[in-house]
Amino acid sequence: MEEQRRAYVWAQALCRYAGADDYFLQDFWTRLTADREIYEEFIYYLDHQDFLCNVKIEGYGLVDLMIFQIDHFRAVMDQDVADMRFNKDKMLLMAFNSLLQMRKDPEPFVRAMQGQTGTDRQI
């Protein structure tokens, strides 16, 4: 029970630092606690400030989502997340959120990660 309380307090802090509202927090927390494997990744990061990397969806994991976000400033397709470059907490929160979304529907994320280069340059 103590672990869950610590995790909730941390999720709440991440949401606050990321500028996410209470509705986002409650929705995120509900989905996070319903997925034991991703929840374990969340706890591991909380405890070690490092990635466990046990959850893979269509071959992609949390680190892949973080890298995609760094390159593209948007792992969440329907939100403006351009400020993630300067907000590590938001980037981490959105990576966990994206992993939870991937569990439900991986195809849009896989397509984006495989098809976008992160640049506007044409070769």
Side-chain angles (χ1 to χ4, degrees):
M1 199 54 141
E2 173 63 21
E3 174 187 274
Q4 191 168 19
R5 188 194 65 75
R6 282 187 330 108
Y8 182 81
V9 167
W10 187 52
Q12 193 174 38
L14 283 176
C15 285
R16 186 175 58 250
Y17 300 145
D21 62 18
D22 196 49
Y23 176 81
F24 180 91
L25 168 63
Q26 296 310 316
D27 179 59
F28 174 77
W29 183 251
T30 298
R31 290 180 294 117
L32 180 66
T33 55
D35 190 311
R36 189 67 196 162
E37 290 179 317
I38 296 175
Y39 179 77
E40 288 173 6
E41 295 266 349
F42 191 78
I43 294 297
Y44 187 87
Y45 192 91
L46 171 61
D47 290 342
H48 300 95
Q49 300 298 294
D50 198 5
F51 300 101
L52 184 58
C53 298
N54 280 348
V55 175
K56 299 286 185 191
I57 301 169
E58 299 290 325
Y60 296 99
L62 194 58
V63 172
D64 300 304
L65 288 167
M66 292 287 292
I67 292 168
F68 180 77
Q69 288 174 169
I70 291 167
D71 288 346
H72 298 83
F73 309 121
R74 62 184 184 88
V76 180
M77 309 313 178
D78 60 350
Q79 296 182 27
D80 176 17
V81 291
D83 65 326
M84 282 199 296
R85 178 178 180 192
F86 305 107
N87 188 333
K88 180 186 122 193
D89 296 314
K90 185 171 187 174
M91 188 177 295
L92 184 64
L93 178 64
M94 291 299 105
F96 273 106
N97 187 55
S98 294
L99 193 62
L100 288 164
Q101 289 174 330
M102 279 184 77
R103 180 76 85 186
K104 185 176 180 179
D105 185 14
E107 197 263 326
F109 292 91
V110 172
R111 186 176 51 235
M113 287 189 282
Q114 290 177 349
Q116 295 181 5
T117 64
T119 66
D120 291 330
R121 289 179 277 155
Q122 294 180 344
I123 298 176

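For the single chain, residues carry numbers from 1 onward in sequence order.
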Looking only at non-hydrogen atoms, find the nearest pair between [X] and [Y] and report the distance.
{"X": "F109", "Y": "D105", "answer": "CD1-O, 3.7 Å"}
{"X": "E41", "Y": "C53", "answer": "OE1-N, 3.0 Å"}
{"X": "A95", "Y": "Q69", "answer": "N-OE1, 3.2 Å"}

Give a yes or no on whether [X] and [Y] share a hydrophobic cluster (residues Ile, Leu, Val, Met, Phe, Trp, Tyr; joining criterion: side-chain heavy atoms under 4.5 Å apart).
{"X": "L25", "Y": "L46", "value": "yes"}
{"X": "V110", "Y": "M66", "value": "yes"}
{"X": "W29", "Y": "L92", "value": "yes"}

From [atom1] ([X]) to [atom2] ([Y]), nearest 0.5 Å:
{"X": "L14", "Y": "M91", "atom1": "CG", "atom2": "CE", "value": "13.0 Å"}
{"X": "Q101", "Y": "F28", "atom1": "CD", "atom2": "CZ", "value": "10.5 Å"}
{"X": "I38", "Y": "L99", "atom1": "CD1", "atom2": "CG", "value": "4.0 Å"}

- N87 side-chain N/O to Y17 backbone N/O, donor-acceptor pair under 3.5 Å: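 Between the backbone of Y17 and the side chain of N87 there is a qualifying donor-acceptor contact (under 3.5 Å).
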- Item | For Y39, ring pair (Phe, Tyr, Trp, His ring centres under 6.0 Å) partners two or more places apart |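 Applying ring pair (Phe, Tyr, Trp, His ring centres under 6.0 Å) to Y39 gives none.
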- Task: Identify whether the distance between the nearest side-chain nitrogen and carboxylate oxygen of D27 and R31 falls below 4.0 Å.
- Result: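 Yes, this pair counts.
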- Query: Taking the side chain as C-beta and beyond, is there a heavy-atom pair between E40 and N54 under 4.5 Å?
  - Reply: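 No - every pair of side-chain heavy atoms lies 4.5 Å or more apart.
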- Results of side-chain hydrogen bond (donor to acceptor under 3.5 Å, both in side chains) for E37 - residues two or more places apart only: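 So E37 forms a side-chain hydrogen bond (donor to acceptor under 3.5 Å, both in side chains) with R103.
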- Task: Identify, with sequence neighbours excluded, every residue that meets side-chain hydrogen bond (donor to acceptor under 3.5 Å, both in side chains) alongside E2.
- Result: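 Scan of E2 (side-chain hydrogen bond (donor to acceptor under 3.5 Å, both in side chains), adjacent residues dropped) gives R5.
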- Hydrophobic cluster of M1, others only, ordered by chain and residue number, side-chain cut-off 4.5 Å: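 Its cluster partners, ordered by chain and number, are none at all.
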Name each donor-acceptor pair under 3.5 Å that joins a side chain in residues 57-65 to protein atoms two or more places apart or in another chain, with its distance.
unit_1 : atom_1 : unit_2 : atom_2 : d
Y60    : OH     : Q114   : NE2    : 3.3
D64    : OD2    : G61    : N      : 2.7

- Task: Determine which pairs satisfy side-chain hydrogen bond (donor to acceptor under 3.5 Å, both in side chains) with at least one residue from residues 6-16, sequence neighbours left out, and list them in order.
- Result: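 Of all non-adjacent pairs touching residues 6-16, those that pass side-chain hydrogen bond (donor to acceptor under 3.5 Å, both in side chains) are R6-D47, Y8-Q26.
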- Of the options Y44, Y45, F96, F42, which is the one that meets F51 in a ring pair (Phe, Tyr, Trp, His ring centres under 6.0 Å)?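 Looking at Y44, Y45, F96, F42, the match for F51 under the ring pair (Phe, Tyr, Trp, His ring centres under 6.0 Å) is Y45.
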